[in-house]
**Q** 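First the structure, then my questions, so here it is.
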Amino acid sequence: MSQLTLCFHDDVTSNKEKIQRIFIEYMRNKGVFKNKAVLDENFLPDELLHRDREIQRLVQILAPALRGYRPSNVFIYGGVGTGKTACVKLVLKELDEIAERENLPIKTIYVNCKLKKVADTEYRLLARLLHEIGIEVPSTGLPTDVLYLRFFKEIERKGLITIIALDEIDFLVYKIGDDFLYNFTRINGELRRAKVSFIGITNNLNLFRQLDARVKSSLSEEEIVFHPYNAMQLKDILKQRAKLAFNDGAITEAAINKCAAIAAQEHGDARRALNLLRLAGEIAERRNSQVVLEEHVDEAARKLEIDSVSEAVRSLPRQAQAVLLAIIKSTKNKNKTTTSDVYRKYRDIAMRSGLRVLTLRRVGDLINELALVGLVEARTISRGRYGRTREITIALDEPAKDEVRRLLFGYFM
DNA sequence: CGTCCACAGGAAATCCTGGTTT
DNA sequence: AAACCAGGATTTCCTGTGGACG
Ligand SMILES: Nc1ncnc2c1ncn2[C@@H]1O[C@H](COP(=O)(O)OP(=O)(O)O)[C@@H](O)[C@H]1O
C-alpha cells in the first residue's frame with residue numbers, strides 16, 4: 001500500500017510504466033501459497049492424523065449397516081476443533097463409497113444444526129433431511145408432523161438404512177428442547193424395512209446430561225470422546241496441511257511450531273491452528289515476503305482475535321448491540337456491572353437512537369445471548385440483603401475491546 | 001434464625017411474517 | 001377468504017432464592 005502511494009508521487013516515469021511495473025512485480029513474485037483452499041475451514045483431508053482410535057471405533061459401530069442391520073446410535077463429544085466433524089465426515093464418505101460400489105441401500109446424512117436458516121429449527125432440520133433423500137418441501141407453512149411422516153414414508157419405501165449425523169446437536173436442544181429427538185427415537189420402532197441411526201455430535205457435555213432420560217439412553221448406545229490435541233499433534237496436522245498449501249520453502253518450521261503452540265494453549269483447537277496458519281500466510285504475502293515467518297504468525301494471532309470479535313459484533317441484532325454498548329459503558333472505570341446498571345444505560349441508548357425500549361426481562365435474555373457468543377461473561381450472584389443479580393464482565397482483551405467500542409460508537413452515537 | 005431484597009429465569013401469551021391447505 | 005402452521009421477538013405473569021441484615 002505504501003509502495004503504491006510512493007510510486008504515484010514519483011513524477012519521473014509515466015503512469016502507464018509505473019502501473020505495469022507493479023503488475024509485473026506482482027507476477028514475478030509467486031507468493032507463498034500453492035493451494036490456499038487446503039487451509040479452508042471446509043477442506044477435508046483424506047488422512048486425519050492422531051485419530052486412528054476414534055475413527056476405528058466409529059467404523060466398527062457403523063459397519064453393521066453393511067450387513068443390513070441398524071448400527072447403534074453414537075454420541076460423540078469433545079471440544080471445538082478436536083476433529084469430530086472431520087472424522088465423522090470422513091467415515092461417512094467412505095461408507096457411502098462402499099455402499100454405492102456394493103449397491104447397498106445405505107444413506108448417510110450429515111447436518112450441522114447450527115447453520116442459520118438451514119437446520120437450526122425443528123422444521124428446517126426436517127426439511128433438510130427430506131432434501132437429502134430427494135424430497136423438496138416448502139420453506140414454511142406445513143405442520144412438522146407432515147414432514148416426519150413424509151420422511152419416514154420415503155425411507156420406508158426405499159428400505160434405507162439411514163445414518164444421520166447431527167453436528168452441534170447441543171445448540172438445537174438448547175434452543176428448541178429435546179422433543180424432536182424423542183420423536184425420532186420413538187418412530188424408529190415402527191419402521192418395517194427402513195432403519196435409522198443417529199450420530200450426535202456435541203462439544204457441550206452439560207447440555208447432553210440434561211436430556212430426557214429416554215432420549216439419552218437411546219441416543220448414546222455408544223460413546224466416543226475426542227480429547228484436545230497437544231502441541232506436537234497440532235504440529236503434525238499443520239505440517240501435513242502446510243505441505244499442500246504452501247510453496248516449497250515458503251514456510252518455516254518455526255512458524256508452524258508457533259501456530260501449534262498458540263493453538264495448543266487455546267484448548268488444542270485445530271481449527272484455530274489452521275486459521276492462524278492461513279492468516280499468517282496472507283500477511284506474509286501482503287508484506288511481499290516469500291516466506292512465512294514467526295513474526296507473521298504473531299501478527300496473525302493478534303488479528304484473528306480482533307477479526308472474529310468484530311465479526312461477532314457486526315452480526316449481532318441491533319438490540320443486542322445496544323445492550324453490549326450499555327455493558328461497555330457501565331464497565332467504564334471498573335470491570336464488573338450488574339443487570340440493573342446495564343439496563344439504565346441501555347434505556348438511554350435505546351431512546352436516544354430511536355430504538356424500541358425493551359423490558360428488563362428481555363434485556364436479561366439478551367445479556368445471556370451475548371454471553372453465549374463469548375463477548376461477555378455473566379454469572380448470577382447474591383448480594384444478600386441487597387438481592388440477587390448478575391455480575392457481568394466483558395470477556396475481551398484491551399485491543400479487542402477498543403475495536404468493539406469503536407464499532408458500537410459508530411452505530412449509536 | 002427468619003426476612004426480604006432485587007433480581008433470575010420458566011411458562012404462556014401476543015404480535016408478526018411468510019407460508020400452506022381447503 | 002378463512003383457518004392453520006412454524007418461528008422470531010417480545011411482553012406479561014410468575015415462582016424461586018442466596019445470603020446480609022436485623
Ligand atoms: N486429525 C486431524 N488431521 C487433520 N486435520 C484435522 C484433524 N483434526 C481436525 N482437523 C481440521 O481442523 C479443523 C477443525 O476440525 P473439526 O473436525 O471441524 O473440529 P470439531 O468438529 O471437533 O469442532 C478442520 O478444518 C479439520 O479439517
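So you know, we letter chains A, B, ... as the sequences are listed, proteins then strands, and number each from 1. What you see below is based on every heavy atom in this structure, not just the backbone, and it leaves out hydrogens, waters and symmetry mates.
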**Q** Atom CG of A:Asp365 and atom P of B:dA11: how far apart are they, to the nearest Å?
**A**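 To the nearest whole Å, that distance equals 13 Å.
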**Q** Counting only side-chain nitrogens and oxygens, does A:Thr339 get under 4.0 Å of the OP1 or OP2 atom of B:dA6?
**A**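 No.
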**Q** Give one of base, sugar-phosphate or nothing for A:Lys116, where a contact means two heavy atoms less than 4.0 Å apart.
**A**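 Counting heavy atoms under 4.0 Å across all strands, no contact is made by A:Lys116.
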**Q** Categorize A:Thr338 for me: base, sugar-phosphate, or nothing, with a 4.0 angstrom heavy-atom threshold over every strand shown.
**A**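 Touches nothing.
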**Q** Check the distance between B:dC7's P and A:Arg379's CZ and give it to me in whole angstrom.
**A**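 Checked: the CZ to P distance equals 17 Å.
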**Q** Would you call A:Asp96 and A:Lys93 a salt bridge, taking side-chain N to carboxylate O under 4.0 Å as the test?
**A**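 Answer for the salt bridge query: no.
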**Q** Scan A:Arg356 against the nucleic acid and name what it touches under 4.0 Å (heavy atoms): base, sugar-phosphate only, or nothing.
**A**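 It contacts sugar-phosphate atoms only.
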**Q** Starting at atom CD of A:Glu369, determine the distance to atom C1' of B:dG9, rounded to an integer number of angstrom.
**A**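 Distance, rounded to whole Å: 14 Å.
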**Q** In terms of the nearest nucleotide of DNA chain B, which residue is placed more toward the 5' end: A:Arg390 or A:Gly387?
**A**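 The answer here is A:Gly387.
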**Q** Would you verify whether the NZ or CZ of A:Lys89 falls within 45 degrees of the ring axis of A:Tyr110 while also being under 6.0 Å from that six-membered ring's centre?
**A**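 Checked: cation-pi criterion met.
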**Q** Check the distance between B:dA8's C1' and A:Arg383's CZ and give it to me in whole angstrom.
**A**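 A:Arg383 atom CZ is separated from B:dA8 atom C1' by 12 Å.
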**Q** Are A:Arg318 and A:Tyr411 in a cation-pi contact, defined as NZ or CZ under 6.0 Å from the six-membered ring centre and within 45° of the axis?
**A**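 Yes.
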**Q** Give the rounded distance in Å between these two atoms: CZ of A:Arg344 and C1' of B:dA6.
**A**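 My rounded result for the distance is 11 Å.
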**Q** Which of the following nucleotides, B:dA11, B:dA6, B:dC5, is nearest to the side chain of A:Arg385?
**A**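 Output: B:dC5.
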**Q** Whole Å only: how far is the CG atom of A:Asp145 from the P atom of B:dT20?
**A**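 From A:Asp145 CG to B:dT20 P: 17 Å.
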**Q** For a 4.0 angstrom threshold against heavy atoms of chain A, report the outermost contacting nucleotides of DNA chain C in 5' to 3' order.
**A**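 Here the contact window of chain A covers C:dC5 to C:dC21.
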**Q** Provide, to the nearest angstrom, the distance between the CD1 atom belonging to A:Ile381 and the C1' atom belonging to B:dA6.
**A**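 One finds 11 Å between C1' of B:dA6 and CD1 of A:Ile381, rounded.
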**Q** Charged N to carboxylate O below 4.0 Å: is that the case for A:Glu282 and A:Arg287?
**A**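 Judged by the 4.0 Å cut-off on N to carboxylate O distance, A:Glu282 and A:Arg287 do not form a salt bridge.
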**Q** Between A:Asp120 and A:Gly141, which has a closest nucleotide on DNA chain C that is more 5'?
**A**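 Looking at the nearest nucleotide for each, A:Gly141 comes out on the 5' side.
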**Q** Can you measure A:Arg361 atom CZ to B:dA11 atom P for me and round it to whole angstrom units?
**A**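 In whole Å, B:dA11 P lies 11 Å from A:Arg361 CZ.
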**Q** Could you tell me whether A:Arg51 sits above the aromatic face of A:Tyr229, with NZ or CZ closer than 6.0 angstrom to the six-membered ring centre and within 45 degrees of the axis?
**A**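 Output yes; distance and angle both within limits.
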**Q** Check this for me: does the side-chain of A:Arg388 come within 3.5 Å of the base of B:dG9 through a donor and an acceptor?
**A**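 Side chain to base: no pair below 3.5 Å.
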**Q** So if I take every side-chain heavy atom of A:Ser139 and compare against B:dT21, B:dG19, B:dC7, which nucleotide ends up nearest?
**A**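 The nucleotide sitting nearest to the side chain is B:dG19.
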**Q** Please find out if less than 6.0 Å separates the ring center of A:Tyr77 from that of A:Phe226.
**A**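 No - the distance between ring centres of A:Tyr77 and A:Phe226 does not fall below the 6.0 Å cut-off.
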**Q** Salt bridge check, A:Asp402 against A:Arg405: does any charged N sit closer than 4.0 Å to a carboxylate O?
**A**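 Between A:Asp402 and A:Arg405 there is a salt bridge, with a charged N closer than 4.0 Å to a carboxylate O.
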**Q** Does the separation of the ring centres of A:Phe184 and A:Tyr148 fall below 6.0 angstrom?
**A**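 Ring centroids of A:Phe184 and A:Tyr148 are less than 6.0 Å from each other.
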**Q** Quick one: is B:dA6 close enough that its OP1 or OP2 comes under 4.0 Å of any side-chain N or O from A:Ser340?
**A**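 So the side-chain polar atoms of A:Ser340 never come under 4.0 Å of the phosphate oxygens OP1 or OP2 of B:dA6.
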